Chemist: 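Structure provided below as structure tokens; questions to follow.
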Protein chains: 2
Amino acid sequence: MATGRTHRPATRSRGIPEATVARLPLYLRALTALSERSVPTVSSEELAAAAGVNSAKLRKDFSYLGSYGTRGVGYDVEYLVYQISRELGLTQDWPVVIVGIGNLGAALANYGGFASRGFRVAALIDADPAMAGKPVAGIPVQHTDDLEKIITDNGVSIGVIATPAGAAQPVCDRLVAAGVTSILNFAPTVLSVPDGVDVRKVDLSIELQILAFHEQRKAGEESAAHEGAAVPPVAHDETTDQGPDGDVPAVMPA
Amino acid sequence: MATGRTHRPATRSRGIPEATVARLPLYLRALTALSERSVPTVSSEELAAAAGVNSAKLRKDFSYLGSYGTRGVGYDVEYLVYQISRELGLTQDWPVVIVGIGNLGAALANYGGFASRGFRVAALIDADPAMAGKPVAGIPVQHTDDLEKIITDNGVSIGVIATPAGAAQPVCDRLVAAGVTSILNFAPTVLSVPDGVDVRKVDLSIELQILAFHEQRKAGEESAAHEGAAVPPVAHDETTDQGPDGDVPAVMPA
DNA sequence: CCATCTTTGTGCACGCGTTCACAAAGACAT
DNA sequence: ATGTCTTTGTGAACGCGTGCACAAAGATGG
């Protein structure tokens with residue numbers, strides 16, 4: 001997973017648990033694949049395997065949407081695709097803007113997974129005047145000055161921030177002021193937004209750090225098993241080790 | 001959050017809850033910023049605000065690492081940076097390979113957040129022969145044929161997959177066979193890996209779909225509040241119907 | 001129409017994560 | 001030393017999410 005999320009006041013949206021909502025896109029993808037192969041029905045067991053989850057969990061997830069299955073048979077693929085799409089709001093068109101057209105922004109603009117699911121890149125915005133007019137993924141980049149007008153004219157409610165960390169909050173503020181109520185943030189910053197605005201965060205380096213943690217753990221366990229234990233899995237005498245300034249990796253800008 | 005995660009056998013690594021591990025990079029980032037401003041100490045309240053979490057949660061998180069704070073004062077910034085870095089395994093060098101140098105792969109290669117945290121891009125690998133030798137982010141792209149040798153020679157244990165969906169599983173298999181035990185997957189596919197291998201998934205379109213769900217809900221609520229409901233929350237009923245929408249509590253994440 | 005077989009939908013229990021609330025610990029002033 | 005003030009560290013309660021296990025529902029065949 002990436003990261004994402006902000007505080008979740010624990011209020012279950014319309015009775016559908018947040019955890020379930022997060023899995024619906026997963027099911028949808030698996031179902032779409034089945035649909036393309038013209039598979040008419042699928043059992044919870046099969047679909048769960050395809051989506052990489054437990055079948056009981058899948059059935060419970062679907063139960064929040066309603067009883068769309070047929071006992072003894074399974075689920076109708078087409079029907080389920082429709083129901084989940086509707087539930088996720090993918091039956092309508094969602095214009096999105098991407099702000100910050102660097103390497104990542106360009107990659108996002110070119111990403112095919114958006115258009116295929118009801119998301120339409122309405123505009124690309126960058127602060128660099130030199131970028132203005134230059135087409136990326138077939139869409140001309142526009143200057144930040146026109147941000148508000150672009151949002152309003154296109155009725156954009158979802159914004160993607162792919163700017164450097166420093167520019168993220170100001171851009172976020174402007175997006176929100178212009179009417180955006182959902183933000184996908186790729187900048188390594190904690191954005192503060194007013195109530196009613198959703199923010200999800202994707203942080204590439206955080207994912208790697210989590211992997212590193214587990215990787216280190218594996219390595220530690222291994223050597224501990226050898227008894228030699230070059231890196232004690234748990235050693236922790238803050239008095240002995242320590243080294244407030246010792247090495248410490250580099251680190252980052254905000 | 002983004003996505004990420006795969007099976008978590010509920011085995012708490014070394015007593016540190018998975019949820020806590022996922023937040024450590026967040027704290028680290030906030031602490032680093034403080035460190036650069038030469039702030040000597042910070043209270044749980046201040047740091048929590050900077051990281052965007054609850055202060056009680058932060059204190060509990062830190063309590064899993066040990067008692068690194070001073071009551072009445074707070075936490076020593078430098079010391080905490082060191083401790084968290086060490087805990088996450090960032091005090092050592094982690095060579096990573098990125099497979100699939102398309103738009104996204106290139107963006108990742110150029111991403112500064114890696115190098116600064118102990119991650120070193122050891123190699124870029126792509127299946128397109130035309131890419132071979134071409135430098136991306138200053139690193140020459142190598143051909144997939146040499147994947148195994150690259151992994152072995154560099155002692156790589158973390159791999160990043162940024163290939164098209166179809167190529168992901170084969171690439172994953174080869175990475176694992178060559179010795180990689182942690183994978184960050186950007187391809188929209190469920191990877192199957194043997195036990196002992198960690199997989200985290202980042203899926204851009206899933207994040208947007210989750211936002212769309214909440215966005216739709218907001219829109220539905222709004223029109224429902226007007227009672228007139230010019231735009232029914234969901235409408236559409238195929239044959240049967242469904243649609244006990246209407247009210248819905250309220251409250252949203254931020 | 002009845003028996004059997006398959007698969008859903010869910011009641012229930014359990015465990016993790018979050019949050020509250022407060023005692024304990026230390027800093028600091030007198 | 002003693003008292004006051006601040007902030008940590010954590011016991012305990014609570015709620016959400018997960019997974020088991022099974023009854024109910026429907027398909028299918030005789």
Side-chain angles (χ1 to χ4, degrees), chain A residues 1 3 5-24 26-27 39-49 51-77 79-80 83 210 236 238, chain B residues 1 3-24 26-27 39-49 51-77 79-80 83 240 242 249 251 253-254:
Chain A
M1 123 193 357
T3 44
R5 161 228 40 227
T6 309
H7 51 1
R8 191 105 313 169
T11 304
R12 201 172 276 196
S13 330
R14 147 78 164 312
I16 300 181
E18 194 57 31
T20 294
V21 172
R23 280 187 295 267
L24 290 181
L26 224 52
Y27 302 143
V39 176
T41 62
V42 64
S43 71
S44 63
E45 203 68 53
E46 296 167 320
L47 185 55
V53 304
N54 178 299
S55 71
K57 190 187 296 186
L58 178 144
R59 287 197 299 277
K60 180 146 291 189
D61 282 342
F62 286 174
S63 78
Y64 291 116
L65 308 182
S67 287
Y68 295 147
T70 303
R71 297 177 191 227
V73 176
Y75 299 91
D76 181 281
V77 174
Y79 186 54
L80 204 46
Q83 289 298 344
I210 296 172
H236 240 77
E238 29 97 71
Chain B
M1 100 180 31
T3 46
R5 171 201 350 127
T6 307
H7 54 3
R8 192 97 313 166
T11 305
R12 199 174 276 194
S13 331
R14 142 80 161 316
I16 300 181
E18 192 58 29
T20 294
V21 172
R23 280 188 294 267
L24 290 181
L26 223 53
Y27 302 144
V39 176
T41 63
V42 65
S43 71
S44 63
E45 203 68 52
E46 295 167 320
L47 184 55
V53 304
N54 178 300
S55 71
K57 191 186 295 185
L58 178 143
R59 287 198 300 277
K60 179 142 289 192
D61 282 341
F62 286 175
S63 77
Y64 291 117
L65 308 183
S67 287
Y68 295 149
T70 303
R71 298 178 191 226
V73 177
Y75 299 91
D76 181 280
V77 173
Y79 185 53
L80 204 45
Q83 289 298 344
T240 60
Q242 190 298 335
V251 186

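Labels below follow one simple rule: chain letters A, B, ... track the order of the sequence lines, proteins then strands, and each chain is numbered from 1. Keep in mind that what you see is a predicted model, and the values were worked out from it rather than measured.
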Chemist: So which one's nearest nucleotide on DNA chain D is more toward 5', Gly69(B) or Gly72(A)?
Modeler: Gly69(B)
Chemist: dG9(D) P sits how many Å from Leu47(B) CG, rounded?
Modeler: 12 Å
Chemist: Please give, in whole Å, the distance from dC16(D) P to Arg23(A) CZ?
Modeler: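 Going from CZ in Arg23(A) over to P in dC16(D) covers 15 Å.
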Chemist: Counting the benzene-type ring for Trp, do Tyr68(A) and Tyr79(A) have ring centres under 6.0 Å apart?
Modeler: yes
Chemist: Run the side chain to side chain donor-acceptor pair (under 3.5 Å) test against Thr41(A) and tell me which residues pass, sequence neighbours left out.
Modeler: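 Not a single residue meets the side chain to side chain donor-acceptor pair (under 3.5 Å) criterion with Thr41(A).
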Chemist: Are Asn54(B) and dG17(C) close enough that a side-chain N or O sits under 4.0 Å from OP1 or OP2?
Modeler: no
Chemist: To the nearest Å, how far apart are Phe62(A) CZ and dT7(C) C1'?
Modeler: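 Those two atoms, CZ and C1', are 14 Å apart.
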Chemist: Using side chain to side chain contact (heavy atoms under 4.5 Å, CB included) as the criterion, point out the one residue from Ser43(B), Ser44(B), Ser63(B) that pairs with Leu58(B).
Modeler: Ser44(B)
Chemist: What distance do Arg59(B) atom CZ and Asp61(B) atom CG have between them, rounded to the nearest 0.5 Å?
Modeler: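 Going from the CZ atom of Arg59(B) to the CG atom of Asp61(B) covers 11.0 Å.
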Chemist: Please report the closest heavy-atom contact between Ala48(A) and Ser55(A), naming both atoms and the distance.
Modeler: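 Where Ala48(A) meets Ser55(A) most closely, the heavy atoms are CB-CA, 3.5 Å.
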Chemist: How long is the line joining CG of Asp76(A) and C1' of dT8(C), in whole Å?
Modeler: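 The answer, rounded to whole Å, is 15 Å.
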Chemist: Starting at atom NZ of Lys57(B), determine the distance to atom C1' of dG11(D), rounded to an integer number of angstrom.
Modeler: 19 Å
Chemist: Can you tell me the distance, in whole Å, between the CG atom of Leu58(B) and the P atom of dT19(C)?
Modeler: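 It is 12 Å, rounded to the nearest whole Å.
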Chemist: Mind jotting down which residue pairs meet the salt bridge (charged side-chain N to carboxylate O under 4.0 Å, His left out) criterion with at least one end in residues 63-74 of chain A? Sequence neighbours excluded, please.
Modeler: none
Chemist: Give one of base, sugar-phosphate or nothing for Tyr75(B), where a contact means two heavy atoms less than 4.0 Å apart.
Modeler: sugar-phosphate
Chemist: If you apply the rule side-chain contact (heavy atoms from CB on, under 4.5 Å), what do you find for Glu46(A) with Tyr75(A), and how did you get there?
Modeler: CA-CA 10 Å; Glu46(A) 296 167 320; Tyr75(A) 299 91; over 6 Å; no
Chemist: List every contact pair, protein side and nucleotides 10-12 of chain C side both N or O, where the distance is under 3.5 Å.
Modeler:
from    : atom 1 : to       : atom 2 : distance (Å)
dG11(C) : O6     : Lys60(A) : NZ     : 3.2
dC12(C) : N4     : Lys60(A) : NZ     : 3.2

Chemist: Starting at atom CG of Leu65(A), determine the distance to atom C1' of dT8(C), rounded to an integer number of angstrom.
Modeler: 14 Å
Chemist: Using OP1 and OP2 only, check whether a side-chain N or O of Ser44(B) sits under 4.0 Å from dT8(D).
Modeler: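 So the side chain of Ser44(B) is within the cut-off, an N or O lying under 4.0 Å from OP1 or OP2 of dT8(D).
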Chemist: Rounded to the nearest Å, what distance is computed from the CD atom of residue Glu18(B) to the P atom of nucleotide dT18(D)?
Modeler: 14 Å
